[in-house]
*Asks:* 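One structure, pasted below without further comment.
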Amino acid sequence: MPSESFRVQHLPAIFEPARPILATIEKAGFEAYFVGGCVRDTILNDPIHDIDIATSAYPAEVKQLFKRTVDTGIEHGTVMILDHGTGYETTTFRTESGYQDYRRPDSVTFVRSLEEDLKRRDFTINALAMKENGAVVDLFDGQGDLKRHLIRAVGDPNERFLEDALRMMRAVRFASKLDFTIDPQTLAGIKDHAPLLAKIAVERVQVEFEKLLLGQNPARGLAGLISTGLYQYCPGLKDHQIALEKLEAANWPLKSSAGAWTVLTWTLGLNSQTVGKFLKAWKLSNQMIKAVQKSLKLLAAIAGDQVDNLALFNAGKAALDTALEVAQVLEIPVDAVQLQKEYQTLPIQDSHQLAINGKMLIEAGVVKPGPTMGKLLQRLQTAVIMGTVENNLADLTSATKKFTEEME
Ligand SMILES: Nc1ccn([C@@H]2O[C@H](COP(=O)(O)OP(=O)(O)OP(=O)(O)O)[C@@H](O)[C@H]2O)c(=O)n1
Ligand SMILES: [Mg+2]
């Protein structure tokens, strides 16, 4: 069994429910460890979001030790254990070989040795293992690199990136997230293999890029992305080195995902009309695309000092918050408090709040069903939002009469 090099005295509370799983596996004579990000984040004292467990027990052996298990990825050695409330995934130590397509191993071989398993992991800071009792196994000086604030590939960087090209994106993502430097040899490995990123599913690149933009210091991640040429293999970024360099100088950090994509696309010179195609290439959801379109539109109004009630109404609260967040990061001057106040005091914030509707108009006999009615309601709504008509039945009815006469 590998020797321990350090011991975490008090495991964060999030580990508690998972400890009995490791204890059970150990009692049966196997090894079991917390591995990957959760160990890194424990040592960094950062929030932990998911717990990964690795074990020398083969999947069939794991399943014998627990009452309730689910085969979530049995061919890769992953079994979900449900005995202790929330499910915990355990993965058998494994080595992988092949990687003909630079993203999936051709075959997975289960092994009994922790070292073999850790050797195939991406970076030294992610190749730490921790026992149930807090003892840390660190075979590649991951703790030294955590102290030195260094992203360094385990072993030969070229091998690691040939195994999985997404790791190049992960390197720049961690540089941003943790505000760490990328080790020169690791950086050189990225430079040499950057074109392989094109082989990776865009959805996976998107996740890493968004995390980069939401990190502690995106300037670091962007600098890595640019200096290695990796950006050229990201959707729609090939011709945008200068814009990306400009983005490096922004007033980071950011909080929201919509904010991240808005900051990026604004800096690339896209607008609410042109942004759709770009974000589709990144495989973002329609919901996210709509959110970015709205905040870009409002941001354009803010930058042109043309924000009125209608612009605020059309944007809505979420896009307003995003646009204000982005304005701060991009140092676009805006009185955020004032705009929030204007939004709060809009005559209506939602179409449903209009004091008249189509049914009422028909019943009052002022308009017949059809396309005219839609136009009329739109006009009434705009008039209310802009404050030229009061939002009450009497005023809206007389405005309706006036508008219908004009429209005839
Ligand atoms: N391309 C990858 C992805 C993951 N890993 C290994 O699998 C672990 C878990 O992966 P994942 O949860 O994707 O990343 P984390 O490092 O845990 O980071 P996060 O905080 O984003 O979960 C990593 O720590 C690393 O040891 C790897 O070697 N190569
Ligand atoms: Mg993780």
Side-chain angles (χ1 to χ4, degrees), residues 12 14-15 18 33-55 72-73 76-78 80 86-99 101-105 108 111 114-130 136-143 145-146 150-180 182 186 189-190 193 196-197 199-201 203-216 221 230 257 260:
I14 189 172
F15 287 103
Y33 300 88
F34 296 113
V35 284
C38 66
V39 184
R40 175 196 70 222
D41 292 337
T42 297
I43 297 173
L44 285 173
N45 237 329
D46 279 351
I48 296 158
H49 36 92
D50 58 341
I51 286 184
D52 293 311
I53 299 167
T55 178
T72 44
H76 306 111
T78 305
M80 165 97 75
T86 15
Y88 290 97
E89 286 197 320
T90 59
T91 302
T92 302
F93 296 157
R94 59 192 191 183
T95 57
E96 298 165 358
S97 55
Y99 303 104
D101 59 1
Y102 310 105
R103 53 194 162 157
R104 264 177 286 126
V108 171
V111 292
L114 173 67
E115 182 175 359
E116 288 301 311
D117 181 276
L118 296 179
K119 259 162 61 179
R120 64 149 188 106
R121 291 178 182 268
D122 55 3
F123 306 112
T124 60
I125 59 168
N126 292 342
L128 295 159
M130 180 172 74
V136 173
V137 178
D138 179 8
L139 305 175
F140 308 100
D141 198 18
Q143 292 170 97
D145 287 340
L146 282 177
L150 208 57
I151 310 292
R152 185 164 60 89
V154 173
D156 181 354
N158 303 305
E159 285 176 19
R160 297 292 83 74
F161 299 137
L162 284 168
E163 282 165 3
D164 183 355
L166 184 71
R167 288 172 168 169
M168 299 186 286
M169 259 337 258
R170 283 172 56 89
V172 289
R173 178 261 272 205
F174 284 118
S176 166
K177 185 189 171 215
L178 304 172
D179 195 9
F180 278 21
I182 301 173
T186 300
I190 300 176
H193 296 96
L196 293 181
L197 188 67
K199 310 254 179 205
I200 300 295
E203 290 87 342
R204 299 178 69 206
V205 180
Q206 176 221 103
V207 169
E208 299 302 328
F209 193 44
E210 187 178 301
K211 285 183 178 174
L212 183 162
L213 293 172
L214 293 173
Q216 257 189 78
L230 207 49
S257 300

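When a ligand or atom number is given, it counts from 1 through the structure's own listing order.
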*Asks:* What residue among Val111, Val35, Leu118 forms side-chain contact (heavy atoms from CB on, under 4.5 Å) with Phe93?
*Replies:*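 Running side-chain contact (heavy atoms from CB on, under 4.5 Å) over Val111, Val35, Leu118 with Phe93 returns exactly one hit, Val111.
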*Asks:* Short N/O distance, under 3.5 Å, between Gly37 and ligand 1?
*Replies:*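 For ligand 1, there is an N or O atom that lies under 3.5 Å from one belonging to Gly37.
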*Asks:* Sub-3.5 Å donor-acceptor pair from the side chain of Arg121 to the main-chain atoms of Gly36, do we have one?
*Replies:* no
*Asks:* What protein heavy atom sits nearest atom 15 (P) of ligand 1, and how far off is it?
*Replies:*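 Ranked first by proximity to atom 15 (P) of ligand 1 is Arg40 NH1, 3.8 Å.
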*Asks:* Before you tell me yes or no, could you show the steps for Leu146 and Phe180 under side chain to side chain contact (heavy atoms under 4.5 Å, CB included), namely the whole-Å CA-CA distance, both residues' side-chain angles and the distance that decides it to 0.1 Å?
*Replies:* CA-CA 9 Å; Leu146 282 177; Phe180 278 21; 4.0 Å; yes
*Asks:* If we ignore hydrogens and angles and just use 3.5 Å, is the side chain of Gln216 paired with the main-chain N or O of Lys177 as donor and acceptor?
*Replies:* yes
*Asks:* Which residue owns the protein heavy atom closest to atom 29 (N) of ligand 1, what's the atom, and how far is it?
*Replies:*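 Sorting protein heavy atoms by distance from atom 29 (N) of ligand 1 puts Arg167 NE, 2.9 Å first.
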*Asks:* Among all protein heavy atoms, pick out the one at the shortest distance from atom 28 (O) of ligand 1; state its residue, atom name and that distance to 0.1 Å.
*Replies:*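 Nearest protein contact, heavy atoms only, for atom 28 (O) of ligand 1 is Asp122 N, 2.8 Å.
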*Asks:* Are any of the heavy atoms in Glu163 under 4.0 Å away from ligand 1?
*Replies:* no
*Asks:* Taking 4.0 Å as the limit for heavy-atom contacts, which would you say applies to Arg173 with ligand 1: side chain only, backbone only, both, or neither?
*Replies:* side chain
*Asks:* Using salt bridge (Lys or Arg N to Asp or Glu O under 4.0 Å), reason through Glu208 and Lys211 one step at a time and then give a plain yes or no.
*Replies:* CA-CA 5 Å; Glu208 299 302 328; Lys211 285 183 178 174; 5.2 Å; no
*Asks:* With a cut-off of 4.0 Å, which atoms of ligand 1 are near a heavy atom of Asp50?
*Replies:* 12 (O), 22 (O)
*Asks:* Before giving the answer on side-chain hydrogen bond (donor to acceptor under 3.5 Å, both in side chains), spell out for Ser257 and Glu210 the whole-Å C-alpha distance, their side-chain angles and the decisive distance to 0.1 Å.
*Replies:* CA-CA 7 Å; Ser257 300; Glu210 187 178 301; 2.6 Å; yes
*Asks:* Counting only heavy atoms closer than 4.0 Å, does ligand 1 sit against the backbone of Phe161, its side chain, both, or neither?
*Replies:* neither
*Asks:* Does any non-hydrogen side-chain atom of Asp122 lie less than 4.5 Å from one of Asp164?
*Replies:* no
*Asks:* Can you see which heavy atom on Thr124 is nearest to which on Ala153, and at what distance?
*Replies:* CG2-O, 4.0 Å
*Asks:* Measure up the His193 and Phe161 rings against each other and bin them: parallel (under 30°), tilted (30 to 60°), perpendicular (over 60°).
*Replies:* tilted
*Asks:* Do side-chain atoms of Thr186 reach the backbone of Arg152 as a donor and acceptor pair under 3.5 angstrom?
*Replies:*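 Looks like no, no N/O pair under 3.5 Å.
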*Asks:* Just to be sure I'm reading this right: ignoring hydrogens, which of Arg121, Arg170, Lys177 gets closest to atom 4 (C) of ligand 1? Compare them by their nearest heavy atoms.
*Replies:*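 Ranked by closest heavy atom to atom 4 (C) of ligand 1, first place is Arg170.
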*Asks:* Within less than 4.0 angstrom of ligand 1, does His49 place any heavy atom?
*Replies:*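 Judged by the 4.0 Å heavy-atom criterion, His49 does count as contacting ligand 1.
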*Asks:* Residue-level breakdown please: for Asp52 versus ligand 1, do any non-hydrogen atoms fall below 4.0 Å on the side chain, on the backbone, on both, or on neither?
*Replies:* side chain
*Asks:* At a 4.0 Å threshold, what atoms of ligand 1 neighbour a non-hydrogen atom of Gly36?
*Replies:* 24 (O)
*Asks:* Can a non-hydrogen atom of Phe174 be found less than 4.0 Å from any atom of ligand 1?
*Replies:* yes
*Asks:* Is it the side chain (CB and beyond), the backbone, both or neither of Asp164 that lies under 4.0 Å from ligand 1, heavy atoms counted?
*Replies:*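 It is the side chain that gets close, since no backbone atom is under 4.0 Å.
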*Asks:* Need the ligand 1 atom indices (1-based, order shown) with element for anything under 4.0 Å from a heavy-atom of Lys211.
*Replies:*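 Selected atoms, number and element: 21 (O).
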